[in-house]
Amino acid sequence: MASSQCCDNPPALNPASGEGKVVDSFGGLKAYVAGPEDSKAAVVLVADVFGTCFVFLRICFPSRSFAWGYFVVVPDFFHGDPYVPENGKPIPEWLKSHTPEKGFEEAKPVIAALKEKGVSAVGAAGYCWGAKVVVELAKAHEIQGAVLLHPSFVTVDDIKEVKCPISILGAEIDKMSPPELVKQFEQVLSVNSGVGHFVKIFPGVAHGWSVRYSHDDAAAVKSAEEAFADMLDWFNKNLK
């Protein structure tokens, strides 16, 4: 069951931001795409319950560009129906029609579409809800690199089945994946010598810190920037 912490501090969305474009269908889903179209390496970003493009826009714009060289896809796994607290629907009810398992199945055609356009290495990063989608992709040989940020619904058994290099970025204050659980993930990965891994617990931050923070809070901005840098470094090591 999802903790209320998943839904704390909803983002302020700015649909006008960004340097990419929205396409009606990428692997069957509406998506936000950006970055060099001819790149042989791609990254799929899987948002938390609040929706699609805000994660991409928040972590990459306006302060970041796509000089890092990946073609990036942000599919709308919620089909225009992200979680909106103001609508009054309890998060457990919303999750019944927006399961990570469904997201995993819908992600496979997106990855197939990337390969059809000539991409040879695909990474995926998932935030909260999206982390469960990404770990399922990592278990199924669908991607070449994974990053989980403040994951939700991910279990030790999931981590045991991971088949690709994986980075797990956790928060010190997190009910969904508390530090004790993240350390168990690290222990499992340490035993599985065939899977490269990087695990880090960010001190003094709460679940969602990497995308839901105040720009007026210098410490929060610094932690979010550090998480982005760690994510990018992991993909640079494993996709290029």
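- A 4.5 Å side-chain heavy-atom check between Leu181 and Val156 finds at least one atom pair inside the cut-off.
- Geometric assessment of Lys200 against the ring of Phe202 yields a positive cation-pi assignment under the 6.0 Å and 45° thresholds.
- The shortest non-hydrogen separation linking Val134 to Gly126 is CG2-N, 3.5 Å.
- Each of Lys115, Glu116, Lys117 was scored for a side chain to side chain contact (heavy atoms under 4.5 Å, CB included) with Val119, with one residue passing: Lys117.
- Annotation: cation-pi pair Lys240/Tyr70 present, NZ/CZ under 6.0 Å from the ring centroid and within 45° of its normal.
- When all heavy atoms are compared, the tightest approach of Ala146 to Ala138 is CB-CB, 4.2 Å.
- Between the side chain of Tyr213 and the backbone N or O of Ala218 there is no donor-acceptor pair closer than 3.5 Å.
- Rounding to the nearest 0.5 Å gives a distance of 4.0 Å between CG of Leu148 and CD1 of Ile166.
- To the nearest 0.5 Å, atoms CZ (Arg212) and NE2 (His150) are separated by 6.5 Å.
- Between Val72 and Val33 there is no side-chain heavy-atom pair separated by less than 4.5 Å.
- Considering only heavy atoms from C-beta on, Lys30 stays 4.5 Å or farther from His79 through its side chain.
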I would like to know whether Asp48 and Val211 meet side-chain contact (heavy atoms from CB on, under 4.5 Å); could you show each step before the answer?
CA-CA 9 Å; Asp48 64 14; Val211 286; 4.2 Å; yes
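- Phe78 has its ring centre less than 6.0 Å from the ring centre of Trp94.
- To the nearest 0.5 angstrom, Lys139 atom NZ is 12.0 Å from Cys164 atom SG.
- Between the side chain of Ser167 and the main chain of Val147, no donor-acceptor pair closer than 3.5 Å is present.
- Other residues, nucleotides and ligands contribute at most 12 non-hydrogen atoms within 6.0 Å of the NZ atom of Lys183.
- Closest non-hydrogen pair, Gly27 versus Pro109, comes out as O-CB, 3.4 Å.
- Taking CE from Met231 and CG from Leu149, the interatomic distance works out to 7.0 Å, rounded to the nearest 0.5 Å.
- Although no hydrogens or angles enter the test, the distance criterion places no donor-acceptor pair under 3.5 Å between the side chain of Trp234 and the main chain of Gly145.
- Rounded to the nearest 0.5 angstrom, Glu180 CD and Phe185 CZ are separated by 11.5 Å.
- Contact of the Ile168 side chain with the Leu189 side chain is registered, since non-hydrogen atoms from C-beta on lie closer than 4.5 Å.
- Between Asp81 and His98, some side-chain heavy-atom pair lies under the 4.5 Å cut-off.
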Go through the steps for Ile111 and Ile143 under the test side-chain contact (heavy atoms from CB on, under 4.5 Å), then give the verdict.
CA-CA 8 Å; Ile111 293 170; Ile143 54 178; 3.7 Å; yes
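- Considering only heavy atoms from C-beta on, Val135 comes within 4.5 Å of Lys132 through its side chain.
- Of the N and O atoms on the side chains of Asp174 and Ser177, not one donor lies less than 3.5 Å from an acceptor on the other residue.
- Side-chain contact between Cys128 and Phe153: absent, with no pair of heavy atoms (C-beta onward) separated by less than 4.5 Å.
- Every pair passing salt bridge (charged side-chain N to carboxylate O under 4.0 Å, His left out) that includes a residue from residues 159-172 is listed here, sequence neighbours excluded: Asp157-Lys160.
- Counting heavy atoms from C-beta outward, Glu142 and Lys108 have side chains that approach closer than 4.5 Å.
- Here the closest heavy-atom approach between residue Leu45 and residue Pro75 is recorded as O-CD, 3.6 Å.
- Using a 4.0 Å cut-off between charged nitrogen and carboxylate oxygen, Glu226 and Lys222 do not count as a salt-bridge pair.
- Scanning both residues, Ala121 and Leu239, for their nearest heavy atoms gives CB-O, 3.5 Å.
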Stepwise side-chain contact (heavy atoms from CB on, under 4.5 Å) check, Val162 with His197
CA-CA 10 Å; Val162 166; His197 63 278; over 6 Å; no
Given side-chain contact (heavy atoms from CB on, under 4.5 Å), test Trp209 with Leu169 step by step and report yes or no.
CA-CA 10 Å; Trp209 94 94; Leu169 307 180; 4.1 Å; yes
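- Summarising the geometry of Ala124 relative to Leu137, their closest heavy-atom pair is CB-CD1, 4.3 Å, with the distance given to 0.1 Å.
- Taken together through direct or relayed side-chain contacts under 4.5 Å among Ile, Leu, Val, Met, Phe, Trp and Tyr, Ile91 and Val84 form parts of separate hydrophobic clusters.
- Note on ring orientation: taking the six-membered ring where Trp is involved, the planes of Phe77 and Trp129 are tilted (angle from 30° to 60°).
- Here the straight-line distance linking atom CZ of Phe198 with atom CG of Asp230 works out to 4.5 Å at 0.5 Å rounding.
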